[in-house]
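Take a look at the structure below.
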Amino acid sequence: MTTDLGVLLSGPPDVAGRGLLGCRLHAGGVTVRLTEVEAYAGTGGDPASHAHRGRTPRNAVMFGPPGYAYVYFTYGMHWCLNVVTGVEGVASAVLLRAGEVVDGLPAARARRGPVADRDLARGPARLCQALGIDRAAYGTYLLGDGPVTLRPPAESVDPARIVAGPRVGVTGAHDLPWRFWLAGEPTVSAYRRHAPRRRF
DNA sequence: AGTAGGATAATCT
DNA sequence: GATTATCCTACTG
């Protein structure tokens, strides 16, 4: 059975997110198998989304057709990669949070430094660092021949292995279980929500 | 083991 | 000027 990514990504972000687990992401000579993702909707309804307050220069690609890369820079030092989902005109995307390096191990190690192999792409910013993804990937098409490519899983993923829970690091909307990961994978990020800058 | 705090700059109000 | 879809270091027990 083959996953048609074009069809999958044109659906709602949570459905697309589940389907992206197990897919292979290739860039910079490194390939990872995705083990953790998060879904984000658009204007209204999802306060955690970058597109919640409408279209801006940064999130413009989220309003375009599915299959394109939404890359953003945050905390003054980190890049994160999303795949745009849904129909053109409505913003939604899936944040690629973590994966297992299955090819190009030396290149990933060179970019990430001396860390355990399972930590090479364990977290959205670490994943981008391991693959060498930055602003240059913004708006590129992921289902073709671009610098960053996404391919269906080599083996189909057992739906029973997919776990859902609250998203990480967001300020609100914790009642929406739109973080998906594969049970038992050591590469899934273990961060909880802590140090939330409380201003009394 | 677990968590608290700082780094650091683009983006938006 | 405040905020941030994070990561790393250092400290506590």
Side-chain angles (χ1 to χ4, degrees), chain A residues 9 12-14 16-18 20-21 25 32 34-63 66 68-86 90-99 101 108-139 142 148 163-181 186-200:
Chain A
L9 295 179
D14 55 322
R18 288 174 179 273
L20 282 171
L21 290 173
L25 178 69
V32 299
L34 297 176
T35 57
E36 180 187 2
V37 300
E38 279 178 4
Y40 288 89
T43 309
D46 186 3
S49 172
H50 284 172
H52 178 239
R53 295 193 177 245
R55 182 178 185 137
T56 68
R58 178 174 70 157
N59 65 29
V61 72
M62 282 183 75
F63 290 80
Y68 286 80
Y70 167 44
V71 180
Y72 68 92
F73 188 68
T74 191
Y75 290 102
M77 59 188 102
H78 297 305
W79 295 99
C80 296
L81 172 65
N82 292 248
V83 185
V84 175
T85 61
V90 180
S92 66
V94 174
L95 170 67
L96 307 184
R97 286 196 57 88
V101 175
R109 287 192 184 125
R111 292 197 185 96
R112 289 277 298 130
V115 299
D117 283 354
R118 69 174 156 278
D119 290 333
L120 286 172
R122 188 168 76 141
R126 292 161 161 183
L127 184 145
C128 282
Q129 190 184 357
L131 302 201
I133 291 170
D134 62 10
R135 157 172 245 95
Y138 185 95
L142 302 178
V148 186
V163 190
R167 292 173 293 186
V168 175
V170 300
T171 54
H174 273 256
D175 51 325
L176 199 59
W178 271 12
R179 175 185 180 225
F180 308 104
W181 67 95
T187 52
V188 172
S189 66
Y191 291 109
R192 312 270 163 163
R193 176 169 70 124
H194 61 72
R197 257 191 228 204
R198 276 220 167 95
R199 341 185 11 200
F200 230 82

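Naming convention: chains lettered A, B, ... in sequence-line order (proteins, then strands); numbering from 1 in each chain.
- Taking only side-chain nitrogens and oxygens, A:His50 comes nearer than 4.0 Å to OP1 or OP2 of C:dA5.
- Stems are defined here as 3 or more consecutive Watson-Crick or G-U wobble pairs with pairing distances under 3.5 Å; those involving DNA chain B are B:1-7 with C:6-12, B:9-12 with C:1-4.
- Qualifying ring-ring contact (aromatic ring centres under 6.0 Å, His included) partners for A:Trp178, counting only residues two or more places apart in sequence or in other chains: none.
- The side chain of A:Arg55 contributes no N or O atom lying less than 4.0 Å from OP1 or OP2 of B:dT11.
- In this structure, A:Met62 places its CE atom 10 Å from C1' of C:dA5, rounding to the nearest Å.
- With sequence neighbours left out, the side chain to side chain contact (heavy atoms under 4.5 Å, CB included) criterion links A:Ser92 to A:Pro13, A:Thr85.
- What separates OH of A:Tyr72 from C1' of C:dT6 is a distance of 8 Å, to the nearest Å.
- Counting only heavy atoms from C-beta on, A:Arg58 has its side chain closest to B:dT11 among B:dA9, B:dT8, B:dT11.
- For A:Val168, whose side chain is taken as the heavy atoms from C-beta onward, the closest listed nucleotide among C:dA5, C:dT6, C:dC7 is C:dT6.
- Between A:His50 and A:Tyr72, the ring planes lie perpendicular to each other; the angle is over 60°, past the 30° to 60° tilted range.
- Side chains of A:Arg109 and A:Asp117 form a contact here, defined as non-hydrogen atoms less than 4.5 Å apart.
- Taking atom CD1 on A:Ile133 and atom P on C:dA5, their separation rounds to 19 Å, with Å as the unit.
- Between C:dT6 and A:Arg97, a contact under 4.0 Å exists linking OP1 or OP2 to a side-chain N or O.
- Rounded to whole angstrom, the span from the CG atom of A:Leu95 across to the C1' atom of C:dT4 amounts to 13 Å.
- Residue A:Tyr75 places its side chain closer to C:dT4 than to any other of C:dA5, C:dT4, C:dC7.
- Of the candidate nucleotides B:dT13, B:dT11, C:dT6, B:dT11 has the atom lying nearest to any side-chain atom of A:Arg135.
- Across the protein-nucleic acid pair, A:Arg112 atom CZ and C:dT6 atom C1' stand 11 Å apart, rounded to whole Å.
- Atom CZ of A:Phe73 is separated from atom C1' of C:dT4 by 12 Å (rounded to the nearest Å).
- Across the protein-nucleic acid pair, A:Met77 atom CE and B:dT8 atom C1' stand 5 Å apart, rounded to whole Å.
- Under 4.0 angstrom from either OP1 or OP2 of C:dA5 there lies no side-chain N or O belonging to A:Thr74.
- The closest side-chain heavy-atom distance from A:Arg97 to A:Trp181 is not below 4.5 Å.
- When every heavy atom of A:Val71 is checked against every heavy atom of A:Asp134, the shortest pair comes out as CG1-O, 3.8 Å.
- Residue A:Tyr40 and nucleotide C:dA5 are classified as a stacked aromatic pair, their ring centres being separated by less than 5.5 Å at an interplanar angle below 30°.
- A:Ala91 and A:Ala51 make their closest contact through CB-CB, 3.6 Å (heavy atoms, listed as atom of the first residue, atom of the second, distance).
- B:dC12 atom C1' lies 15 Å from atom NE2 of A:His52, rounded to whole Å.
- Between the side chains of A:Arg112 and A:Gln129, a donor-acceptor pair is found at a separation under 3.5 Å.
- A sub-4.0 Å separation between OP1 or OP2 of C:dT3 and a side-chain N or O of A:Arg53 is absent.
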